[in-house]
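For reference, the structure discussed in these notes is given below.
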Amino acid sequence: SDVYKRQQYTIAVAKYGNFTVAANKSNVTQPTLSMQVQKLEDELGISIFNRNTKPIKTTTIGQKIIDQAKIIIQESRWNERLRCVREILW
C-alpha cells in the first residue's frame, strides 16, 4: 500500500541521512521518494526530518514515528509469513 511504501521510504531516509542515497537504496527516483515522505509528513501534520542538517536528522517526533513505522513493518512481515504457513498447513 502507499502508506507502507511511505513508511519504508521514511525509514530509509532516517537510516542513510540523505534523500538521494535512500532513493537509490529503495530503487525509486529521489523526487518520488521525497514526494512520498512529504505526503506522510503532510498527513501527520508534522516534520519528520530536519532538512537543514547534513546528514539529515530526524526531529524528536519524527524519531517516534520512525520507531512506530519499524514496528508496523515488522508486524506486517510477520503476519505475511504466518499467512503463508497457514496456507501450507491447511
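Residue numbers run from 1 in the order of the sequence given.
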Let me have the donor-acceptor pairs involving side chains of residues 16-25, under 3.5 Å, with sequence neighbours excluded, atom names and distances please.
residue: Asn18; atom: OD1; partner: Thr20; partner atom: N; Å: 2.8
residue: Asn18; atom: OD1; partner: Val21; partner atom: N; Å: 2.9
residue: Asn24; atom: ND2; partner: Thr20; partner atom: O; Å: 3.4

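Listed by first and then second residue, the side chain to side chain donor-acceptor pair (under 3.5 Å) pairs involving residues 66-75 are Gln63-Asp67 (not counting sequence neighbours).
Taking the side-chain contact (heavy atoms from CB on, under 4.5 Å) definition, one finds that Thr53 meets it with Asn50, Lys57, sequence neighbours left out. Here Glu43 pairs with Arg6, Leu40 under the side-chain contact (heavy atoms from CB on, under 4.5 Å) rule; sequence neighbours left out. By the side-chain hydrogen bond (donor to acceptor under 3.5 Å, both in side chains) test, Ser47 is found to be paired with no residue, residues two or more places apart in sequence or in another chain being considered. With sequence neighbours excluded, the residues forming a side-chain contact (heavy atoms from CB on, under 4.5 Å) with Ile73 are Tyr4, Gln7, Gln8, Ile11, Arg77, listed by chain and number. Take Lys64 and apply the side-chain contact (heavy atoms from CB on, under 4.5 Å) test, not counting sequence neighbours, and it matches Ile61. Every residue was checked against the side-chain hydrogen bond (donor to acceptor under 3.5 Å, both in side chains) condition with Asn52, not counting sequence neighbours, and none meets it. Shown here are the salt bridge (Lys or Arg N to Asp or Glu O under 4.0 Å) partners of Arg83, two or more places apart in sequence or in another chain: Glu80, Glu87.
With 3.5 Å as the limit, one finds no donor-acceptor pair spanning the side chains of Gln38 and Ser34.
Panel note: side chain Thr58, backbone Phe49; no donor-acceptor pair is recorded below 3.5 Å.
Considering only heavy atoms from C-beta on, Thr10 stays 4.5 Å or farther from Ile65 through its side chain.
The hydrophobic clustering, which links ILVMFWY residues whose side-chain heavy atoms are closer than 4.5 Å, places Ile72 and Ile48 apart. Note on Ile46 and Ile56: same hydrophobic cluster, where clusters join Ile, Leu, Val, Met, Phe, Trp and Tyr whose side-chain heavy atoms are under 4.5 Å apart, directly or indirectly.
For the side-chain contact (heavy atoms from CB on, under 4.5 Å) with Arg86, the qualifying choice from Leu82, Ile88, Leu89 is Leu82, the only one to do so.
Between atom CG of residue Asp42 and atom CE of residue Met35 there is a gap of 11.5 Å, rounded to the nearest 0.5 Å.
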